[in-house]
2 protein chains.
Amino acid sequence: MVISFTEENYLKAIYTLSNQYDWVEVSTNQISAHLKNKAATVTDMLKRLSEKKLIAYKPYQGVKLTDKGKRTAITVVRKHRLWEVFLVDKLNFKWDEVHDIAEQLEHIHSDELIEKLDDFLGRPKSDPHGDPIPDANGKFSNKRSILLSSGVKKGSYVVTGVTDHSTSYLQYLTQLGISLGFQLKIEEINEYDQSLKIKINNKQSNFISHKAASHLLVEQRS
Amino acid sequence: MVISFTEENYLKAIYTLSNQYDWVEVSTNQISAHLKNKAATVTDMLKRLSEKKLIAYKPYQGVKLTDKGKRTAITVVRKHRLWEVFLVDKLNFKWDEVHDIAEQLEHIHSDELIEKLDDFLGRPKSDPHGDPIPDANGKFSNKRSILLSSGVKKGSYVVTGVTDHSTSYLQYLTQLGISLGFQLKIEEINEYDQSLKIKINNKQSNFISHKAASHLLVEQRS
DNA sequence: CTTTAAATTTAGACTAGTCTAAAAATTTGT
DNA sequence: ACAAATTTTTAGACTAGTCTAAATTTAAAG
Ligand SMILES: [Mn+2]
Ligand SMILES: [Mn+2]
Ligand SMILES: [Mn+2]
Ligand SMILES: [Mn+2]
């Protein structure tokens with residue numbers, strides 16, 4: 001069965017939203033907002049995806065991916081993230097420059113290609129934003145990171161990922177001197193606005209707002 | 001101006017045919033045969049490309065690319081050939097396996113990407129089939145190769161390219177032991193059917209038909 | 001120079017993917 | 001429990017790209 005570029009994007013959107021909201025049904029409006037399409041357009045597509053057994057769709061009740069749909073979505077995610085690694089590691093793009101190009105590359109159809117690319121890149125476990133890369137069978141190696149915003153104590157952490165992939169956020173982090181794998185030592189927690197004072201890799205200290213911290217994934221160290 | 005995937009394929013087809021037939025106008029039927037679309041479909045597209053000033057189109061009189069159309073076509077060709085180099089040199093694909101994947105990759109839109117890819121590959125001058133790769137300005141370094149079929153004499157030649165990119169032809173050459181850059185010594189020319197007996201890289205000798213020879217580009221050596 | 005054949009275009013129809021406006025169903029608030 | 005607000009679906013329309021069948025134009029043959 002042939003799955004179009006557009007259909008792949010819907011499946012990926014449903015997967016991402018579903019993942020975000022604890023695997024409950026995803027609503028038409030959520031998909032509509034995510035893809036910046038009108039709700040009526042989404043309904044049309046849901047009917048087609050349902051026809052193809054890629055989603056389970058009950059009118060007015062939201063949708064869930066079928067196993068087939070989930071497999072397809074994970075493959076697209078896998079391709080997206082592997083291409084991002086290629087762009088950063090091999091072509092020297094910055095981490096804030098690769099998302100849009102990967103949005104195109106993720107739709108290239110060739111199993112051979114993606115496996116050879118994976119080999120060439122040394123079978124990376126995560127992409128330039130710290131997101132895990134599923135293996136050829138769709139399995140993720142689950143990593144237990146927490147958000148820098150939620151209930152952290154003073155102490156040492158290491159940056160493992162971001163949950164906002166926007167250019168502006170990534171550039172802001174770069175400007176602050178924060179990259180993946182860097183050590184962050186929380187020196188102060190401001191009760192009033194939840195902002196943090198952090199020392200970055202034992203060098204400069206910077207303030208970071210609650211909002212900015214809420215998109216930064218870290219693991220405790222110490 | 002945004003140029004679609006489909007439009008890019010038409011421009012590339014017109015470029016290729018135009019190139020083949022000495023830069024005279026290309027006919028609707030030629031494009032139709034090349035793209036395996038119906039003539040009526042081609043006519044529709046020619047009107048749209050003409051509207052966008054990518055081709056000069058006079059009904060019933062065939063088409064030529066405008067400068068803008070030619071630049072676009074050459075960019076697509078450049079991308080196709082660079083991606084083929086990537087697939088063969090970096091991902092270890094065989095030369096007969098890369099064309100279809102490159103047909104997809106050639107439509108990825110990003111100037112940054114193609115320049116960085118070119119750098120990464122070491123600014124190659126030709127693709128895995130010996131076809132020249134235009135530079136970022138669309139300039140080809142012109143190479144003067146001849147077909148192994150046309151009026152060759154006994155003597156030494158080196159393989160510089162092929163004019164048939166089909167998997168079956170490329171696999172046939174591989175089976176014969178012929179690759180790009182290999183030396184071919186013509187030992188016999190059979191007057192009757194124009195077939196040749198050639199020694200390959202000073203190793204085995206093989207017979208090659210006129211038809212097979214007529215798609216093999218070579219340069220004289222000696 | 002006419003007739004016939006071939007090439008090309010036009011007309012009309014279809015699918016995928018999108019939209020707006022209106023109708024229907026569900027959820028929320030009192 | 002019922003009215004109002006919100007969400008979702010339906011209806012109808014549009015574009016890009018494709019097709020078949022018919023009409024038109026150009027080229028070839030006698
Ligand atoms: Mn991304
Ligand atoms: Mn990413
Ligand atoms: Mn090719
Ligand atoms: Mn090639």
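Side chains are part of it too, since the values below use all heavy atoms of this structure and drop only hydrogens, waters and symmetry mates. Worth saying up front: this structure is predicted, and the values here are computed from it rather than measured. Labels below follow one simple rule: chain letters A, B, ... track the order of the sequence lines, proteins then strands, and each chain is numbered from 1.
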_If you compare every side-chain N and O of Y10(A) against the phosphate oxygens of dA16(C) (OP1, OP2), does one of them come in below 4.0 Å?_
no
*Face-on cation placement of K90(A) at F86(B) ring, 6.0 Å and 45° thresholds*: no
*Mind calculating the distance between CG (L49(B)) and C1' (dG17(D)) to the nearest angstrom?*
12 Å
*asked:* Tell me whether the side-chain N/O atoms of R48(A) come closer than 4.0 Å to OP1 or OP2 in dA16(C).
replied: no
*Specify the separation, in whole Å, of atom CG of L46(A) and atom P of dT8(D).*
10 Å
*Between dA7(C) and S27(B), is there an OP1 or OP2 to side-chain N/O distance shorter than 4.0 Å?*
no
*Could you tell me the separation between the NZ atom of K58(A) and the C1' atom of dA25(C), rounded to a whole number of Å?*
16 Å
*Integer-rounded Å distance: dG17(C) P and M45(A) CE*: 4 Å
*Atom-to-atom span, CG of N29(B) to P of dA27(D) - whole angstrom*: 13 Å
*Could you tell me whether F5(A) contacts a base, only the sugar-phosphate backbone, or nothing, with contacts defined as non-hydrogen atoms closer than 4.0 Å?*
nothing
_Do H109(B) and E8(B) make a side-chain contact, defined as non-hydrogen atoms from C-beta onward lying under 4.5 Å apart?_
yes
*Grab the CD-C1' distance between E7(B) and dT18(D) for me, whole Å please.*
14 Å
_Within the structure provided, determine whether I101(B) and W83(B) are in side-chain contact (heavy-atom separation under 4.5 Å)._
no
_Between W95(A) and T174(A), is the side chain to side chain donor-acceptor pair (under 3.5 Å) condition met? List the steps._
CA-CA 9 Å; W95(A) 72 338; T174(A) 302; 2.9 Å; yes
*Can you name the side-chain contact (heavy atoms from CB on, under 4.5 Å) partners of E7(A), sequence neighbours left out?*
I3(A), S4(A), M45(A), L49(A), K52(A)
_Any side-chain N or O of T6(A) below 4.0 angstrom from OP1/OP2 of dA16(C)?_
no
*Reckon T28(B) has a side-chain N or O less than 4.0 Å from the OP1 or OP2 of dT9(C)?*
yes
*Enclosure of K211(A) NZ (heavy-atom neighbours >12, cutoff 6.0 Å)*: no
Using atom names, set out every protein N or O paired with an N or O of nucleotides 10-14 of chain C below 3.5 Å, distance rounded to 0.1 Å.
from	atom 1	to	atom 2	distance (Å)
dT10(C)	OP2	K47(B)	NZ	2.9

*Spacing of Q30(A) atom CD relative to dT8(D) atom P, expressed in whole Å*: 8 Å
*Starting at CG of L35(A) and ending at P of dC19(C), how long is that distance when rounded to a whole Å?*
10 Å
*asked:* Please check if the number of heavy atoms outside K94(A) that lie under 6.0 Å from its NZ is greater than 12.
replied: no
